[in-house]
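No hydrogens, no waters, no symmetry mates; every other heavy atom, side chains included, goes into these values.
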Amino acid sequence: PVVAETACISCRPLAPNLDKIPARPANPVALLRKLGPNTQNAYTNPAQLGCSSDKIGKMRHQLWLLLLTGFLLRLILSAFGTLELDFNTYLAWSNRLVESGFKNFYQVWSDYLPGYLYILWFLGQLKLLLPFLPTLTLYKLPAILADVFSAYLIFKLVPRRYPLVPLVAAAAYLFNPAIFANSTLWGQTDSLVALTALLWFYLIKTRRRHLAALTLGFDPGKAATALE
């Protein structure tokens, strides 16, 4: 009987040790809310992972130096390599807009949408007020500024898990020979089209959808480019 009782005791399940039961994990969303908005952004935004505040500050300083270098280099070389046929067309459109306005502009040939025409009208008015401004640099300036701002948007769009990647991406665009020649030397307007596309992506990423929709409505390129 003693042996049977011992066997029955050994077969009984052991009572659980309540001290060793792991506690129920806390709700991560509630924890983030409790810690504050800054902590939520740090955990929920993967673009901010892997970069301390010191690294981000250094990256911004390097970015501004990069953008300034690209801008000044473009200004210096803007007097060379102009594609005369297209540039003279832009100049003639600008003069016509200043003299006759927008009402009768499309009575002559033009394959551009009104977006870039507003820029040409502004440049024509500025040339009247400040006639000493160099014509080549003045009319290439919108495309040059579009290059610089596009590089900045690329820096903002690229994730910052690796500190050098956003800077390399911005520099790769800003000093791309094709991009450089198109705006600074030839004086074309493709940089403005690229800028509107990048700005749309940035506004979508930052959840400013209404502004993104307005961005699509402003196309500074040709009618064929807009339809594509």
Side-chain angles (χ1 to χ4, degrees), residues 63-156 170 173-200 202-203 211-212 214-226:
L63 173 66
W64 292 119
L65 182 61
L66 177 72
L67 297 179
L68 181 61
T69 302
F71 177 69
L72 293 178
L73 185 61
R74 279 166 163 76
L75 286 183
I76 294 172
L77 298 178
S78 61
F80 304 98
T82 306
L83 190 61
E84 298 291 342
L85 178 62
D86 287 348
F87 186 84
N88 290 334
T89 301
Y90 299 149
L91 193 60
W93 288 348
S94 177
N95 294 332
R96 178 175 173 80
L97 288 168
V98 172
E99 296 173 359
S100 305
F102 290 88
K103 183 178 180 180
N104 301 319
F105 176 79
Y106 282 105
Q107 292 181 357
V108 297
W109 175 85
S110 176
D111 59 347
Y112 271 64
L113 296 171
Y116 188 62
L117 300 182
Y118 288 109
I119 298 176
L120 290 177
W121 172 83
F122 174 78
L123 294 176
Q125 296 289 350
L126 189 61
K127 183 65 176 178
L128 289 179
L129 295 175
L130 304 173
F132 57 87
L133 293 176
T135 302
L136 286 176
T137 302
L138 177 62
Y139 280 85
K140 290 181 180 180
L141 190 58
I144 290 174
L145 293 176
D147 282 346
V148 176
F149 193 39
S150 294
Y152 173 78
L153 289 177
I154 291 174
F155 175 84
K156 299 290 287 185
Y173 181 87
L174 191 61
F175 296 102
N176 185 304
I179 302 297
F180 192 94
N182 186 276
S183 61
T184 306
L185 301 180
W186 297 349
Q188 299 297 297
T189 61
D190 302 88
S191 297
L192 294 166
V193 180
L195 174 60
T196 55
L198 288 170
L199 183 58
W200 181 85
Y202 176 74
L203 293 173
L211 293 177
L214 292 176
T215 303
L216 292 179
F218 179 81
D219 193 309
K222 296 181 180 180
T225 304

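Side-chain atoms of Thr184 and Lys140 form no donor-acceptor pair, as typed in the model, at a separation below 3.5 Å. Side-chain contact, Thr137 with Ser78: a donor N or O sits under 3.5 Å from an acceptor N or O. Between Tyr116 and Tyr90, the side chains place no donor N or O within less than 3.5 Å of an acceptor N or O (distance only, hydrogens not considered).
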What verdict does the side chain to side chain contact (heavy atoms under 4.5 Å, CB included) test give for Leu73 and Phe180, after you've listed the backbone C-alpha separation in whole Å, the side-chain angles of each residue and the deciding distance to 0.1 Å?
CA-CA 10 Å; Leu73 185 61; Phe180 192 94; 4.0 Å; yes
What's the verdict on side chain to side chain contact (heavy atoms under 4.5 Å, CB included) for Leu195 and Leu153, showing C-alpha distance, side-chain angles and the deciding distance?
CA-CA 8 Å; Leu195 174 60; Leu153 289 177; 3.8 Å; yes
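Put simply, the side chain of Leu211 reaches to within 4.5 Å of the side chain of Leu214, judged on heavy atoms. Side chains of Leu120 and Tyr112 form no contact here, defined as non-hydrogen atoms less than 4.5 Å apart. Between Ser110 and Phe105, some side-chain heavy-atom pair lies under the 4.5 Å cut-off. Looking only at side-chain heavy atoms (C-beta outward), Tyr106 and Pro114 come within less than 4.5 Å of each other. Ile119 has its side chain within reach of Leu192: a pair of non-hydrogen atoms, C-beta onward, lies under 4.5 Å apart. Leu126 places a side-chain heavy atom less than 4.5 Å from the side chain of Leu138. Side-chain contact between Ser94 and Tyr139: present, with at least one pair of heavy atoms (C-beta onward) separated by less than 4.5 Å. Looking only at side-chain heavy atoms (C-beta outward), Thr82 and Trp186 stay at 4.5 Å or farther from each other.
Note that the CG atom of Leu97 and the CG atom of Asn104 stand 11.0 Å from one another [nearest 0.5 Å]. Taking CD from Gln188 and CD1 from Ile179, the interatomic distance works out to 12.5 Å, rounded to the nearest 0.5 Å. A distance of 11.5 Å separates CD in Gln125 from CG in Leu130, rounded to the nearest 0.5 Å. Interatomic distance, Tyr202 OH to Thr215 OG1, rounded to the nearest 0.5 Å: 12.0 Å. Atom CG of Asp111 is separated from atom OG1 of Thr89 by 9.0 Å, given to the nearest 0.5 angstrom. For the atom pair OG1 (Thr135) and NZ (Lys127), the distance works out to 3.0 Å, reported to the nearest 0.5 Å.
Residue Trp200 comes nearest to Ala212 through the heavy atom pair CD1-O, 3.1 Å, listed as atom of the first residue, atom of the second, then distance. Nearest heavy atoms, Tyr173 versus Ala151: CD2-N, 4.2 Å. Taking all atoms of both residues into account, the shortest heavy-atom contact from Gly70 to Leu174 is CA-CD2, 3.9 Å.
Between the side chain of Asn182 and the main chain of Ala178, no donor-acceptor pair closer than 3.5 Å is present.
The neighbour count for Phe102 CZ, taken as heavy atoms of other residues, nucleotides or ligands under 6.0 Å away, is above 12.
The aromatic rings of Trp93 and Trp109 sit tilted, their planes meeting at an angle between 30° and 60°.
Considering only residues two or more places apart in sequence or on other chains, Ser150 meets the side-chain hydrogen bond (donor to acceptor under 3.5 Å, both in side chains) condition with none of them. For Arg74, the salt bridge (charged side-chain N to carboxylate O under 4.0 Å, His left out) criterion is met by Asp147, not counting sequence neighbours. For Ile76, there are no side chain to side chain contact (heavy atoms under 4.5 Å, CB included) partners, not counting sequence neighbours. Residues passing the ring pair (Phe, Tyr, Trp, His ring centres under 6.0 Å) test with Phe175, sequence neighbours excluded: none. The side-chain hydrogen bond (donor to acceptor under 3.5 Å, both in side chains) search around Tyr152 returns none, not counting sequence neighbours.
Among pairs with a residue in residues 85-97, none fulfils salt bridge (Lys or Arg N to Asp or Glu O under 4.0 Å), at least two apart in sequence or across chains.
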